[in-house]
Amino acid sequence: MTPDKPDRDTLRRAALKVAVRISAACAVLVLCLLAAATAYLMYKLAHPSMPSAGSGKAYTYLDSRDLIEGMIVAGLGGVILAGVVGWLSARSAIRPLGEALALQRRFVQDASHELRTPLTILDTRIQLAQRRASPDSATGQDLARIREDAAALTGIVDELLLAATGAAPSTAAPVDVAEAAESVTEGLQELAARQGVDLAFSASGLPLARINPNSLRRAILALADNALAHTRAGGSITISAGTEGSAAVIRVADTGSGITGVDLDRIFERFVRTSGTDEAAARRSFGIGLALVREIAAAAGGTVEVARTGPEGTTMRLVLPLARH
């Protein structure tokens, strides 16, 4: 993700400021070394060492030993001063970064904390509504799905708060990948139906992975949402989960127009856009959803890739290490 123009201007000014400081410090360093070497040589000239009697050596104000000593003293002084200049410059360059990180951490902490209360109230109201509706009715089933979505949102907020506080997350227990994928499929059925897209799910084996359930759901949801965004009415999307060797694999296959105009590895970067002569391809953007999928997969020791793409559609493949009971 590239910085916005105000951020680029701020970074450029900060870099220029640090560069000027380093240049000025280096100039002072050179002048100090020259002054020290000159003072040392002047001292030697003012206090020449007389040769011992009978040595046979000619008298000189400076000899090679004096020059070597002067070079050694100047070199050691240069090393020490360079270290001091580097340390001060590093502190000056890192200070704005530390302030920005602290501000970002405080913002995430405050936002996560403030969101927990309304989410708790929302969950309570959903429970009260569920008491007035039969669990088998359409209203009861809709309320159950809404509560699942609210619980997922609460989990995301808890993850953000945990990351902002710097606390180490607990070791994730084995999660049924197929169950999470099926839950995402059911939650998107209504949205897919409105877009005229057929959404199906299939599973095989018992794919278990050690990953936070909310993170896994977010990753699958992002892949499915990306497929829905680029599949036209009348198309279809299939979400499948299974095992391949020592890995749990999730595939999201769509019948869209495929990915063109961009390197396939770059689509997992934030806000990358495609380019090309085709108007639809030129408008295609991948936002931050796929970037988050890659981060979630990497944190769990897995990978995400474009398994296939072309005029007949695209298949995304999320691979996670298989966990045993």
Side-chain angles (χ1 to χ4, degrees), residues 111-162 170 172-242 248 250-255 289 292-293 296 316 318 320 323 325:
S112 302
H113 179 74
E114 294 299 326
L115 285 172
R116 296 184 72 180
T117 299
L119 286 173
T120 302
I121 295 174
L122 176 62
D123 183 70
T124 302
R125 290 179 176 175
I126 295 173
Q127 293 183 57
L128 292 175
Q130 284 181 309
R131 294 179 183 177
R132 303 188 185 97
S134 173
D136 297 331
S137 63
T139 302
Q141 294 176 1
D142 291 340
L143 288 173
R145 295 191 187 96
I146 294 174
R147 190 179 180 192
E148 290 178 0
D149 295 336
L153 184 57
T154 302
I156 294 174
V157 171
D158 291 339
E159 287 183 45
L160 290 174
L161 185 59
L162 184 66
S170 58
V175 177
D176 190 341
V177 173
E179 182 179 346
E182 184 178 13
S183 174
V184 171
T185 305
E186 292 177 354
L188 292 175
Q189 284 293 349
E190 184 176 352
L191 179 60
R194 289 182 180 179
Q195 296 183 199
V197 176
D198 180 54
L199 181 60
F201 169 77
S202 65
S204 62
L206 184 60
L208 300 176
R210 292 188 180 277
I211 185 174
N212 184 281
N214 291 319
S215 297
L216 175 61
R217 192 175 189 278
R218 286 164 54 201
I220 302 173
L221 183 60
L223 292 176
D225 181 68
N226 178 75
L228 279 171
H230 303 110
T231 302
R232 297 179 180 178
S236 63
I237 299 174
T238 301
I239 302 176
S240 61
I250 301 169
R251 284 186 174 84
V252 179
D254 63 60
T255 58
L292 292 177
V293 174
I296 292 172
M316 296 287 187
L318 175 62
L320 300 171
H325 285 289

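In this chain, numbering begins with 1 at the start of the sequence shown.
- Under the 3.5 Å distance criterion, the side-chain polar atoms of Gln195 are left unmatched by any main-chain donor or acceptor of Ala233.
- Distance check: Thr185 OG1 to Leu199 CG gives 5.5 Å after rounding to the nearest 0.5 Å.
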**OP:** With side chain to side chain contact (heavy atoms under 4.5 Å, CB included) as the test, would you mind laying out the steps for Asp176 and Glu182 before giving the verdict?
**Re:** CA-CA 10 Å; Asp176 190 341; Glu182 184 178 13; over 6 Å; no
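- Taking CG of Leu320 as the start and CD1 of Ile250 as the end, the distance is 6.0 Å to the nearest 0.5 Å.
- Between the CG atom in Leu115 and the OG1 atom in Thr120 there is a gap of 10.5 Å [rounded to 0.5 Å].
- In this structure, the side chains of Leu221 and Leu223 stay at 4.5 Å or more apart for every pair of heavy atoms.
- Between Glu148 atom CD and Ile126 atom CD1 the span is 10.5 Å, to the nearest 0.5 Å.
- The salt bridge (Lys or Arg N to Asp or Glu O under 4.0 Å) test applied to Arg131 returns no partner, not counting sequence neighbours.
- Taking every heavy atom of both residues into account, Arg210 and Pro174 meet most closely at NH1-CD, 3.3 Å.
- Between Asp225 and Arg218 there is no salt bridge, since none of the side-chain N atoms of the basic residue sits less than 4.0 Å from a carboxylate O of the acidic one.
- Remark: the backbone N or O of Ile211 is not paired with any side-chain donor or acceptor of Ser215 at under 3.5 angstrom.
- Between Ala224 and Val184 the shortest heavy-atom distance is CB-CG1, 4.5 Å.
- Contact record, Arg147 with Asp123: NE-OD1, 3.1 Å, taken as the closest heavy-atom pair.
- Annotation: side chain of Val177 is not in contact with side chain of Leu208 (no heavy-atom distance under 4.5 Å).
- Contacts of Glu179 classified as salt bridge (Lys or Arg N to Asp or Glu O under 4.0 Å), with partners at least two apart in sequence or in another chain: none.
- Closest heavy-atom contact between Ser236 and Thr231: N-CG2, 4.1 Å.
- A side-chain contact (heavy atoms from CB on, under 4.5 Å) with Val252 is found for one member of Leu318, Asn226, Ile239 and no other, namely Ile239.
- Of all non-hydrogen atoms in Val197 and Arg232, the two that sit nearest each other are CG2-O, 3.7 Å.
- Within a 6.0 Å sphere centred on CD of Glu190, other residues, nucleotides and ligands contribute 12 heavy atoms or fewer.
- Between the CD atom of Gln127 and the CG atom of Leu143 there is a distance of 11.0 Å, given to the nearest 0.5 Å.
- Taking CD of Gln130 as the reference point, atom CG of Asp142 lies at 11.0 Å (rounded to 0.5 Å).
- Taking both residues in full, the closest heavy atoms of Phe201 and Ala181 are given as CE1-CB, 3.6 Å, listed atom of the first, atom of the second, then distance.
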